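One structure is given here, and the rest of the page talks about it.
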Amino acid sequence: MRKYEKYPLYIHNSLSRSKELFKAINPPHIGLYVCGPTVYSDVHIGNCRTFVSFDVVFRYLSHLGYQVRYVRNITDVGHLLDDGEDRMAKRAKVEQLEPMEIAQKYTNGFHKVMEIFNTLPPSIEPQASGHIPEQIEMVQAIIDNGYGYEKNGSVYFNTRKFASDSSVYGNLSGRVLDDLLQETRTLKNQDEKEDPADFAIWMKADDRHIMRWNSPWSVGFPGWHLECSAMSTKYLGKTFDIHGGGSDLKFPHHENEIAQNNGACGCSPANYWMHSNMLLLNGKKMSKSDGNTITPHQLFDGNSEHISKGYDPMTIRFFFLQAHYSSTLDLSDTALQAAEKGYKRLLNALPIAERLKDASVDGKTVDEELTQKIKDLCNQCYIEMCNDFNTAKTMAVLFEISSILNEIDQNPKLLTGLTTETLVELGETYVGFVEDVLGLKKEAEDTSKIGDVIEILIQLRQEARANKNWALSDQIRDQLLASGITIKDGKDGTTFSL
RNA sequence: GGUCGCGUGGCCGAGUGGCUAGGCAGAGGUCUGCAAAACCUUGUACGGCGGUUCGAAUCCGCCCGCGACCUCCA
């Protein structure tokens with residue numbers, strides 16, 4: 001029996017604005033599509049939160065026994081600025097590089113940061129520019145179905161017709177078409193549209209536009225929302241299980257994505273839509289223009305006015321997961337400091353759990369109460385994660401489990417009251433949720449020679465202590481501390497941390 | 001202006017119509033030559049005013065405050 005049969009999963013579906021029992025279309029397979037970044041500059045820490053959130057979704061679905069095809073795209077074409085200039089092209093001009101060099105450069109940087117945050121790579125990571133034929137086909141299908149029209153070489157989606165035919169438009173974002181018309185901004189080629197709510201699915205390239213492809217309508221490029229529609233269809237089918245993305249993409253991006261899929265094939269792309277919420281900095285939206293922003297690397301090395309020191313990437317991951325993905329989260333120095341200690345605490349119990357995984361005891365008299373408590377807590381981890389991926393609550397349960405682990409560690413007598421099975425479950429659940437589901441991992445141990453040197457110093461200090469030479473022992477400890485090396489005297493000897 | 005969401009103890013942050021969230025900080029303790037670290041124990045709460053209810057921080061209304069989206073955004 002797979003775990004997902006034992007633990008029903010509930011997901012807050014943005015489409016219905018309520019929590020729904022999750023039913024996979026074709027279990028054990030699941031199609032998961034998440035809108036990836038537009039690679040025109042360094043990845044934003046807010047993006048990182050979103051991708052960490054969906055990384056946990058991917059990890060947990062897999063943990064439950066589903067076979068997940070996780071598609072996360074790279075948008076490298078079609079995403080325009082207000083003035084109609086392509087984001088990639090503009091950056092290429094600034095950096096004096098080919099647009100594809102820009103895409104590659106920032107894709108590489110994105111991957112590096114994702115790896116630092118210990119997110120698993122998606123199953124497929126398609127690039128928009130690599131799927132121009134698919135997008136052209138989709139435009140054609142939309143035209144054939146009467147939901148697209150060509151004007152001067154550009155093709156627009158007929159939003160009003162779609163809205164009146166299907167009553168699908170606006171369901172996700174709660175928009176009413178007529179309200180949209182009121183506040184429509186002045187955009188490029190607005191006069192070509194039959195209706196202000198229409199949006200471009202293919203755009204004719206003007207002379208200075210260097211990213212261009214041949215199409216039946218013009219030499220041009222696809223509209224921004226189209227790549228997700230085309231690529232999700234290609235790799236996950238016309239209708240798949242879960243579509244995710246940041247809440248700021250709900251409108252217009254996701255709404256239009258749904259419209260395009262319906263327009264092309266008559267069905268909506270995903271059964272469940274998940275939206276992760278925004279990361280704030282000191283209570284406010286991050287914004288480059290007013291300086292209220294911080295990059296991942298600044299967070300790591302502490303090089304920012306907003307923080308007092310650098311933070312371990314896993315501390316930041318822990319910090320993200322302490323909140324629910326659907327809530328806004330306020331990043332601040334004090335919050336990170338708290339997370340740092342909490343994260344350490346969670347990890348300190350990990351070696352104990354590791355040992356229990358291979359434990360073998362023969363409990364003469366079973367401690368029913370403790371056994372039940374352990375079973376309940378282990379079970380609770382699944383219940384909380386199945387409740388719309390509530391990582392915050394899951395971590396609270398893990399902290400409770402860590403207390404038991406510490407208790408066992410300090411009082412090995414407790415082991416005699418537990419069966420091997422219980423201990424293994426305890427160890428496997430803790431390690432499984434901390435490492436596999438939440439994706440928290442210990443930073444690589446420093447195995448360099450410095451470790452050996454410190455061990456020698458610790459030995460010398462031990463000798464000094466044995467001779468009650470406190471002056472020398474304290475000198476070793478204090479000077480090591482001054483270099484950032486902490487000496488910890490424990491019951492079973494002395495350890496250190498860098 | 002329109003739409004949606006939020007307001008929880010010193011801080012961060014879950015959550016539910018009645019039952020301990022959790023983490024950090026604070027307090028007390030264990031350990032220790034002293035310390036640090038680690039671990040254990042522990043207090044404080046639900047923006048304001050009304051209403052529904054046996055009972056609401058949780059549901060409803062109003063008010064105050066904050067935020068997001070409204071064709072750039074994860």
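From a predicted model like this one, the values you see are computed outputs, not experimental measurements. Below, chains carry the letters A, B, ... as their sequence lines are ordered, and counting in each starts from 1.
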- Task: Would you kindly say whether Thr328(A) and Asn277(A) are connected by a side-chain donor-acceptor distance under 3.5 Å?
- Result: no
- Shortest non-hydrogen contact from Leu356(A) to Leu426(A)? CD1-CD2, 3.7 Å
Is it the case that [N] (base atoms only) and [X] (side chain only) share a donor and an acceptor within less than 3.5 Å, ignoring hydrogens and angles?
{"X": "Ser473(A)", "N": "G33(B)", "answer": "yes"}
{"X": "Arg477(A)", "N": "A35(B)", "answer": "yes"}
{"X": "Asp474(A)", "N": "G33(B)", "answer": "yes"}

Short side-chain N/O contact to [N] OP1/OP2 from [X], under 4.0 Å:
{"X": "Asn390(A)", "N": "G15(B)", "answer": "yes"}
{"X": "Arg345(A)", "N": "C40(B)", "answer": "yes"}
{"X": "Lys284(A)", "N": "G67(B)", "answer": "no"}

- With a non-hydrogen cut-off below 4.0 angstrom, is Lys393(A) in contact with a base, only sugar-phosphate, or nothing? base
- Of Gly46(A) and Leu329(A), the one whose closest RNA chain B nucleotide lies more 5': Leu329(A)
- Task: Tell which nucleotide pairs with C54(B), taking only Watson-Crick or G-U wobble pairs whose two distances are both under 3.5 angstrom.
- Result: G18(B)
- The residue among Arg317(A), Arg49(A), Arg72(A) that forms salt bridge (charged side-chain N to carboxylate O under 4.0 Å, His left out) with Asp55(A) is Arg317(A)
- Over 12 foreign heavy atoms within 6.0 Å of CD, Glu95(A): yes
